[in-house]
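Here is the structure we will look at, set down as structure tokens.
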Amino acid sequence: MVWKQRGMVWNQRVILMKKKLWIGVAAVLWVVSLFHEGDRCERALFAYGVDAESCPDGEVRQSAELAVDGARRGAKGSAEGSIDLEVVAHYT
């Protein structure tokens, strides 16, 4: 029984070492990606959640367009209708 317990401890240590290795690899990749100069603007991505190809100057302004077709207030059951919302971020 003592031998099996030692084997279990050894297996747990191997699993823990594998977890630590993967956490270390993920942390290194994350740090490298922070300093990677790509064709995307990380500043806009982190500040506003906007994926832009270049970092434009100015402030972010939002515009939205709402389109409603065939919707009725209080309709239940098989009433058909559609509501579309389009949101765009503009730099001014």
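Predicted, not measured: the structure shown is a model, and the values here were computed from it.
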Following the transitive rule for hydrophobic clusters with a side-chain heavy-atom cut-off under 4.5 Å over Ile, Leu, Val, Met, Phe, Trp and Tyr, establish whether Val31 and Phe46 coincide in one cluster.
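As far as the 4.5 Å side-chain criterion goes, Phe46 and Val31 are connected within one cluster.
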What's the spacing between Glu59 CD and His90 NE2 if we round to 0.5 Å?
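Glu59 atom CD to His90 atom NE2 measures 15.0 Å (nearest 0.5 Å).
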Mind checking what makes side chain to side chain contact (heavy atoms under 4.5 Å, CB included) contact with Val25, not counting sequence neighbours?
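Here the qualifying residues are Leu21, Leu29.
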Can you sort out the partners of Ile83 under side chain to side chain contact (heavy atoms under 4.5 Å, CB included), two or more places apart, ordered by chain and number?
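So Ile83 forms a side chain to side chain contact (heavy atoms under 4.5 Å, CB included) with Leu66, Val68.
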